[in-house]
Novice: 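I have a structure here, written as structure tokens, and I will follow up with some questions on it.
Below, all heavy atoms of this structure are taken into account, side chains as well, without hydrogens, waters or symmetry copies.
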Number of protein chains: 2
Amino acid sequence: MARRITISDVAKLAGVSHQTVSRVINNKPDVSPATRQRVLEVIKKTGYRPSGLARGLATSKTATIGMVVPDISNPFFSDIARGIETTAYERGYNVFLCNTNEEPERELEVLYSLEQKQVDGVILCGLRQKTPALLDALERFFAVVLVNRLLEEKTFPAVMIDNQTGAKEAVQHLLNLGRTNIGLLVGPAFSYSAKQRYQGYIEAMHNAGLPIQDGWIHNCIPTVEGGEQAARVLLEAHPEVNALFCYNDLVAVGAIQACHALQRKIPEDVAIIGFDDIYLAALVTPALTTCRVPLIEMGHHAMGLLLQQINEKHLGSRVITVTPQLIIRDSAPFAHELTP
Amino acid sequence: MARRITISDVAKLAGVSHQTVSRVINNKPDVSPATRQRVLEVIKKTGYRPSGLARGLATSKTATIGMVVPDISNPFFSDIARGIETTAYERGYNVFLCNTNEEPERELEVLYSLEQKQVDGVILCGLRQKTPALLDALERFFAVVLVNRLLEEKTFPAVMIDNQTGAKEAVQHLLNLGRTNIGLLVGPAFSYSAKQRYQGYIEAMHNAGLPIQDGWIHNCIPTVEGGEQAARVLLEAHPEVNALFCYNDLVAVGAIQACHALQRKIPEDVAIIGFDDIYLAALVTPALTTCRVPLIEMGHHAMGLLLQQINEKHLGSRVITVTPQLIIRDSAPFAHELTP
DNA sequence: TAGCGTCATGTGAGCGCTAACGGCAACGCT
DNA sequence: AGCGTTGCCGTTAGCGCTCACATGACGCTA
């Protein structure tokens, strides 16, 4: 492992100053073609690679952004990450992907870490905490974008999902299917998205002139297991329920499992709709009707907002909202597709 | 956005030299308790944060490692990432997770990028390329660990799966189930893992004194769609096949879909086994029998090997091999569980 | 011819940190 | 008393790059 080749080594070998080498590697115009060629040849021959650390220190820019997610295994976040990364790559930025493993206290640690690395900005997906320390930490970044979460205490540019409209349309689809006894597995009690999806459910039921049955609405952990348990409890207590709108696809898969266990046919006895359209939704049996959230597109938007902030500096509380699209599959088909 | 507080600012305010501040933040012993306290108070009051860039430049160490994966959405890789990250976190290292989006040429770009950032080492999962340029790039890193891939041209420490044993046991399970017409969806033609899983299939069939039927063996793209297509073609051409061993769980899910389309009952008509036990395997219907690869454990091993290399420097061609474990579910149950 | 502007290149300093070495005082041992 | 060791702290230089400014040569215009 030899000592690294530096800009000074290249300068000596090319017979120019270190500044000329810098001009060449940064594509500055004020270098003669002959000198440029000579320097490029030395660079190629020696395999010289600029140090990103030194460049970052000198320029206060690293062309790197941080992305923080609660769980990289969750397709919801990994699809957003893909969108962010594609846009970042196109614009010459690297993405430093940090996973907090669903441990909220690690969000602060990760932010400190990213600050030390002097990333040019951060994108936070599904923020779990909002302590004063965390808000302080966010303030120290030049550019910040939130995804799927707003903060009342401080506004940042954000990319949001129109959860209410998505939920309303999902419930409307169930109503179109002739179902009026519609249950709601609403996800975590204090979840931002859950509140909005609940509002969408309420709106659709009101629009149809139907009363809200508290017994048909259950909170649940947003996992397959959480969904299975809540659906089982709800359906056992309320066998009249003939449709379920679920907080997300994982919860919906759990509800499918509960129906199987209770010998309830899907969609004949209970129609089921999820939310997100993660890749799993099309692979389970029956294939899941769901609200597709354009996750990769959200990633593009988030990176776009961050770049604007980095380049223009004042974006205030700009919010981009994406609209879910209902994807009809077997778990809640169109009315005419349902065998009588 | 104020100018960042530096070590010199803290030194002035605390009335000491910058070197003393450095000693304090690095927990060096040769500072008096009174001086240390004074400095720590200034640090807390000013919110000073050391620059990781400057530290990296001065020490040639960044306490950061790179991890390269072909597709972060694939649970196989995201689970390995979790294992890597847990071990890295415990040892004070950050993980820079880089996704090549299944574009092999991006592997080289990502490696250049990681080199600029002067990461202390890299872990490469599922390497797709092995060009001379790529090998050169790998040589420039102080520490390198491969996951699920070896290179003939150059040895690096690696974490491997005992694909052959896993495959042999999966096929043995099918034989125990009384199936002798066992098909193999073998994955990509030039895949390292595919060759070993093929060998395991051959070994088990030979052990049972059964001839190898070439028509029962198909290559396929390692996706759900690839598996669905290959299974359909194979089962249509060879309706006598009553069991399928599949390259991985995604391919197996595809095979499940093909059986449904062909009105072949699982497992009564065709028993199916996958490989990996990604999270999806337990959620499809019927739940998938598969060889569970301890992915998180692989991540722990990979990071462990990398740390050894960073700290001790000469690990040669050390290879850790993990053994898959057969997980019996509905797609290929035990013989006594099969209804006659 | 003199002065000014442009082009190409070089010199010096600084970004923020750590390593290496030096200086000084206090203490203990011979 | 003299020497060596330890503890504490400070000064200097360097890591590898970029920015700012300076310099010399050349060409053009008044």
Novice: If you compare every side-chain N and O of B:T59 against the phosphate oxygens of C:dA19 (OP1, OP2), does one of them come in below 4.0 Å?
Specialist: no
Novice: Walk me through it: do A:T64 and A:K117 pass the test side-chain hydrogen bond (donor to acceptor under 3.5 Å, both in side chains)?
Specialist: CA-CA 9 Å; A:T64 302; A:K117 302 233 182 284; over 6 Å; no
Novice: Of all the choices, D:dC19, C:dG16, D:dC8, which nucleotide is nearest to the side chain of A:Q19 once you look at every atom?
Specialist: D:dC19
Novice: Name the nucleic acid region contacted by A:K28, choosing base, sugar-phosphate or nothing; use a 4.0 angstrom heavy-atom cut-off, strictly under.
Specialist: sugar-phosphate
Novice: What nucleic acid atoms does A:S60 come within less than 4.0 Å of, heavy atoms only: base, sugar-phosphate, or nothing?
Specialist: nothing
Novice: Atom NZ of A:K61 to atom P of D:dG16: distance rounded to whole Å?
Specialist: 24 Å
Novice: From CG of A:N26 over to C1' of D:dC19, roughly how many Å is that when rounded to an integer?
Specialist: 11 Å
Novice: Under 4.0 Å from any atom of DNA chain D, heavy atoms only: list the residues of residues 41-52 of chain A that qualify, in numerical order.
Specialist: A:Y48, A:R49, A:P50, A:S51
Novice: For B:R149 versus B:L127, what's the shortest heavy-atom pair and its separation?
Specialist: NH1-O, 2.8 Å
Novice: Counting heavy atoms from C-beta on, name the nucleotide in D:dT18, C:dC15, C:dC17 closest to the side chain of B:A54.
Specialist: C:dC17
Novice: Tell me which nucleotide among D:dC17, C:dA8, D:dC15 gets nearest to the side chain of A:S32.
Specialist: C:dA8
Novice: Rounding to a whole Å, what distance do you find between A:K12:NZ and D:dG16:C1'?
Specialist: 12 Å
Novice: Rounded to whole Å, how long is the line connecting atom CZ of A:R23 with atom C1' of C:dT9?
Specialist: 6 Å
Novice: How long is the line joining CG of B:L53 and P of D:dG14, in whole Å?
Specialist: 22 Å
Novice: Using residues 41-55 of chain B as the side-chain source, report each donor-acceptor pair under 3.5 Å to any protein atom, sequence neighbours left out, with the distance given to one decimal.
Specialist:
residue: B:E41; atom: OE2; partner: B:Q37; partner atom: NE2; Å: 3.0
residue: B:T46; atom: OG1; partner: B:V42; partner atom: O; Å: 2.7
residue: B:T46; atom: OG1; partner: B:I43; partner atom: O; Å: 3.4
residue: B:T46; atom: OG1; partner: B:Y48; partner atom: N; Å: 3.4
residue: B:R49; atom: NH1; partner: A:E115; partner atom: OE1; Å: 2.8
residue: B:S51; atom: OG; partner: A:Q118; partner atom: OE1; Å: 2.5
residue: B:S51; atom: OG; partner: B:L53; partner atom: N; Å: 3.3
residue: B:S51; atom: OG; partner: B:A54; partner atom: N; Å: 3.1

Novice: Specify the residue among A:R55 and B:P29 whose closest nucleotide of DNA chain D lies further upstream toward the 5′ end.
Specialist: B:P29
Novice: In whole Å, what is the span from the CD1 atom of B:I7 to the P atom of D:dT11?
Specialist: 14 Å
Novice: Do B:E152 and B:K130 sit within salt-bridge range, that is, some charged N less than 4.0 Å from a carboxylate O?
Specialist: yes
Novice: Counting just side-chain N and O atoms, does A:T6 come under 4.0 Å of either OP1 or OP2 of D:dG16?
Specialist: no
Novice: Does atom CZ of A:R91 have more than 12 heavy-atom neighbours, drawn from other residues, nucleotides or ligands, at distances under 6.0 Å?
Specialist: no
Novice: In terms of side-chain geometry, is the basic nitrogen of A:R4 or A:D9 positioned less than 4.0 Å from the acidic oxygen of its partner?
Specialist: no
Novice: Quick one: the side chain of B:H18 and the base of C:dT18, do they pair up donor-acceptor inside 3.5 Å?
Specialist: yes
Novice: Does the ring of B:F142 carry B:K61 above it, NZ/CZ under 6.0 angstrom from centre and within 45° of its axis?
Specialist: yes
Novice: Figure out the CD/P separation between A:Q116 and C:dC17, and round it to whole Å.
Specialist: 10 Å
Novice: For B:Y89, does the six-membered ring have the charged nitrogen or CZ of A:R106 within the cation-pi criterion, i.e. under 6.0 angstrom from the centroid and within 45° of the normal?
Specialist: yes
Novice: Starting from C1' on D:dA22, measure out to CG on A:D30 and report it in whole angstrom.
Specialist: 14 Å
Novice: If you find the nucleotide of DNA chain D closest to B:V31 and the one closest to B:A58, which residue's nucleotide is nearer the 5' end?
Specialist: B:V31
